[in-house]
Amino acid sequence: MNNEQLLDLVKQMTLEEKTAQLLQLTANFYEGTDAQGQITGPMEEMGITEQSVVASGSILGLSGAQAIIDVQQAYLKKSRLGIPLLFMADVVHGFKTIFPIPLAIGCSWDTDLAEKSAEIAARESAVSGLHVTFSPMVDLVRDPRWGRVMETTGEDPYLNSLFSAAFVRGYQGDSLKNEPDRLAACVKHFAAYGAAEGGRDYNTVDMSERNLREYYLPAYKAALDAGVEMVMASFNTVDGIPASGNEKLMRDILRDEWGFDGVLISDWASIREMIAHGAAEDDREAAYRAIRAGVDIEMMTPCYVNHLPELIQSGEVEEKLIDEAVLRILQLKEKLGLFDNPLRAADPEREREIVFSKEHRQVSYELATKSAVLLKNDNSVLPLQPEANIALIGPFAQSEDILGWWSCEGVKADAVKLGTTLQERLQHGQVHMAQGSGVHTITSEQIAEAMEAASKADLIVLALGEDSEMSGEGGSRTDIRLPAAQLELIKQLKTTGKPMASVIFNGRPLDLHGVFEESDAVLEAWFPGSEGGAAIADVLIGVVNPSARLTMSFPQSVGQIPVYYNHFNTGRPLNPEKTEERYVSKYIDSPNEPLLPFGYGLSYTTFEYGDLEVSSHEMTADQPISIQVRVTNTGQRAGVETVQLYVRDVTGEVVRPMRELKGYTKLALEPGESGTATFTLNEEQLRYHHSDLTYRSDKGTFQIFVGPNSRDTMERTFKLV
């Protein structure tokens, strides 16, 4: 259908049919599902009619080709105008083939592979009948207490923006209509959900508009620039107004300023939650505020269907607002080709061939190897030697719980286990396995078993971490150390005096005290996905040389949070050479710096940086500068070095961060080989939001920093004239 035909279709719809198009429900409301006998109860509970269900526009959370075919066909038989349903789901880091959690994907600093993972997730989802994924989540996060930090790619707006665009490209391809194995992407959560106070899920967000625009909005804008079809409103307040009813955020910025003409959807029940926030008296006022803000689809509450008709009849809401929302939904259905083929790519036979295929799992493996960050490696304890005699101990030694939260159709039993793979790989060595403890519990028998395994080995590999329920939505924590049982296990095994390498499976940056200082080596595995056991085993034995870099700082302790690299200097900065000074910005019981900084990660080889060369000490609006550094692999193994470029605006009209990432490049070098990292820096990259919110640069002195992370860098200066 062309746009004129879609407009004509809107004119043919009754007001009730139009408001029903704005309603999204879960599958148990619909005929054709296993839950169809449960329809009456949920309808009564939500206060909606069967007519609203029959005319509703989209379904949440159903998947499986045959199930979706059955529901779509049953629905169309009752649809007066033959408007097909949209099927949506949270395909966050894979459908059935599960990739590492997004925070881990960010640590790969590999946007091409991230894009590939989204393409595969789309292919598996589409053949299983889905049309839209609630991904990517691009919220910038500085607080690892927040459980949903596992869904983000980190604390940096530049890097988050690159990954945001990559995920959208992977999901959507070039044409949803001509590429039925793609999905429409939904960027979330608009806006600033990652800044929830105290790291507590659903909590208040309050910040200046300048801060919002400078750090939190760029990644959403990058998704829009990449063509994202849908935006999800966040749960939180922004400037005291819940996002789902925030006209400035949704109408002024998203629609008018940025020109977004796609579909805007609420998060689960977030329109009705305006009542709990204290921003709406009842469902009627919530509907009024949300439709005026421009929210097109209401997820899992009935405020729209029950109250928009009367709001229009009373003249409080113009019917054109509903017509615009319905048209955007119909336009998305047309872009997906649903009017021509309501079943789109859903195909049970192809589903069996494509979903969880060997080819897809290989990409999951590769991404997991590139996402594991080597945090410590004293005395080159890692990699394990082929003839190694090791004790593999800990609750994750043979755990299937390595997929992480939001693993969609992933099955834990399908996950490759670390212990099984290590036993296969170390054919000339020995692996003595013991659980040692549970994730949260430990017994004397488990300790004895662990000590027995350790006594037979030359080196201990500890497999530790959080279970998947300890992060993700609703998984906020105030204590982000490993559970006490695992810290006790480490303490007991330390008494053996044998070298220890700890592998951590988790969904957030942790306070690693009790692990980091006690271990000779620490490998951050994150939740690595379906092929995680194989990937982490191959990193441990050196088949793969780790190359990942942190995209969130690891704190010394929870008391430092938020701790992030692109912070301000303050008027009384701490002089590292005068740590005894009292009246400066510092803690008296902790360093200011994180335990591990943004951009940090080790390798099994070593790299040496040559002199930092800058093409000019002056930059103009028309004349960028070139920055080069020669890097040499001085070790015995081939490796990849991620060379990072940071800039500081020394004096601004608004205080500027100590460092801001402006670029990076990866150098793959053989032993003894050298390569040159080259960057071009231009005036546009020096712009920022001033106090009046204009976006421009300041003339004056700038510092350039280049190195392997945000802390260990070489420095040069130049002037913008």
Exam field: side chain S266 to backbone S270, donor-acceptor pair closer than 3.5 Å = no

Geometric cation-pi criterion R142 and Y215, 6.0 Å radius, 45° cone = yes

Provide the closest heavy-atom pair for D283 versus R272 in the form atom of the first, atom of the second, distance.
-> OD2-NH2, 2.7 Å

Spell out, as yes or no, whether a donor-acceptor pair under 3.5 Å connects the side chain of Q172 to the backbone of G227.
-> yes

Indicate yes or no: at least one non-hydrogen side-chain atom of I480 is less than 4.5 angstrom from one of I561.
-> yes

Please determine if R350 and D181 form a salt bridge, counting it only when a charged side-chain N lies under 4.0 Å from a carboxylate O.
-> yes

Measuring from R148:CZ to S471:OG, what's the distance to the nearest 0.5 Å?
-> 11.0 Å

With sequence neighbours excluded, residues passing ring-ring contact (aromatic ring centres under 6.0 Å, His included) with H189 | Y193

Step by step, would you call L254 with L224 a side chain to side chain contact (heavy atoms under 4.5 Å, CB included)?
-> CA-CA 9 Å; L254 183 66; L224 265 62; 3.8 Å; yes

Where Q72 and L85 come nearest, the two heavy atoms and their spacing | OE1-N, 2.9 Å

Please confirm whether W109 and Y158 have ring centers closer than 6.0 angstrom.
-> no

Identify the two heavy atoms, one from L403 and one from H93, that lie closest to each other, and give their separation to 0.1 Å.
-> O-CE1, 3.0 Å

Verify side chain to side chain contact (heavy atoms under 4.5 Å, CB included) between V168 and V187, making sure each step is shown before the conclusion.
-> CA-CA 8 Å; V168 171; V187 67; 5.6 Å; no

Report the C-alpha distance between E115 and R169 in whole Å, list the side-chain angles of each, state the deciding distance to 0.1 Å, and finish with yes or no for salt bridge (charged side-chain N to carboxylate O under 4.0 Å, His left out).
-> CA-CA 6 Å; E115 181 177 337; R169 291 193 304 268; 3.0 Å; yes

Answer yes if the side chains of T133 and Y171 hold a donor-acceptor pair under 3.5 Å, and no otherwise.
-> no

Salt bridge present between E119 and R123 (N-O < 4.0 angstrom) | yes

Return yes if some donor-acceptor pair links the side-chain N/O of S125 with the main-chain N/O of L130 below 3.5 Å, else return no.
-> no

Going by atom types only, do D139 and Y216 share a side-chain donor-acceptor pair under 3.5 Å?
-> no

Pair D296 + R255, salt bridge at N-O below 4.0 Å = yes

For residues T111 and F163, determine if any side-chain heavy atom of one lies less than 4.5 Å from a side-chain heavy atom of the other.
-> yes

Any chance you could lay out the side chain to side chain contact (heavy atoms under 4.5 Å, CB included) test for E334 and K177, step after step, and finish with the verdict?
-> CA-CA 8 Å; E334 171 58 26; K177 195 165 190 176; 2.4 Å; yes

Determine, for K18 against D323, whether the closest basic-nitrogen to carboxylate-oxygen distance falls under 4.0 angstrom.
-> yes

Any residue meeting ring-ring contact (aromatic ring centres under 6.0 Å, His included) with F505, in chain and number order, not counting sequence neighbours | F396

Are the charged groups of K188 and E151 less than 4.0 angstrom apart, N to O?
-> yes

Please check if the side chain of E531 supplies one atom and the backbone of S364 the other of a donor-acceptor pair under 3.5 Å.
-> no

Side chain to side chain donor-acceptor pair (under 3.5 Å) assessment of S234 paired with N236 = CA-CA 6 Å; S234 55; N236 54 279; 2.9 Å; yes

Pair R182 + E229: basic N to acidic O under 4.0 Å | no

Lys/Arg N to Asp/Glu carboxylate O, K221 vs D225, below 4.0 Å = yes

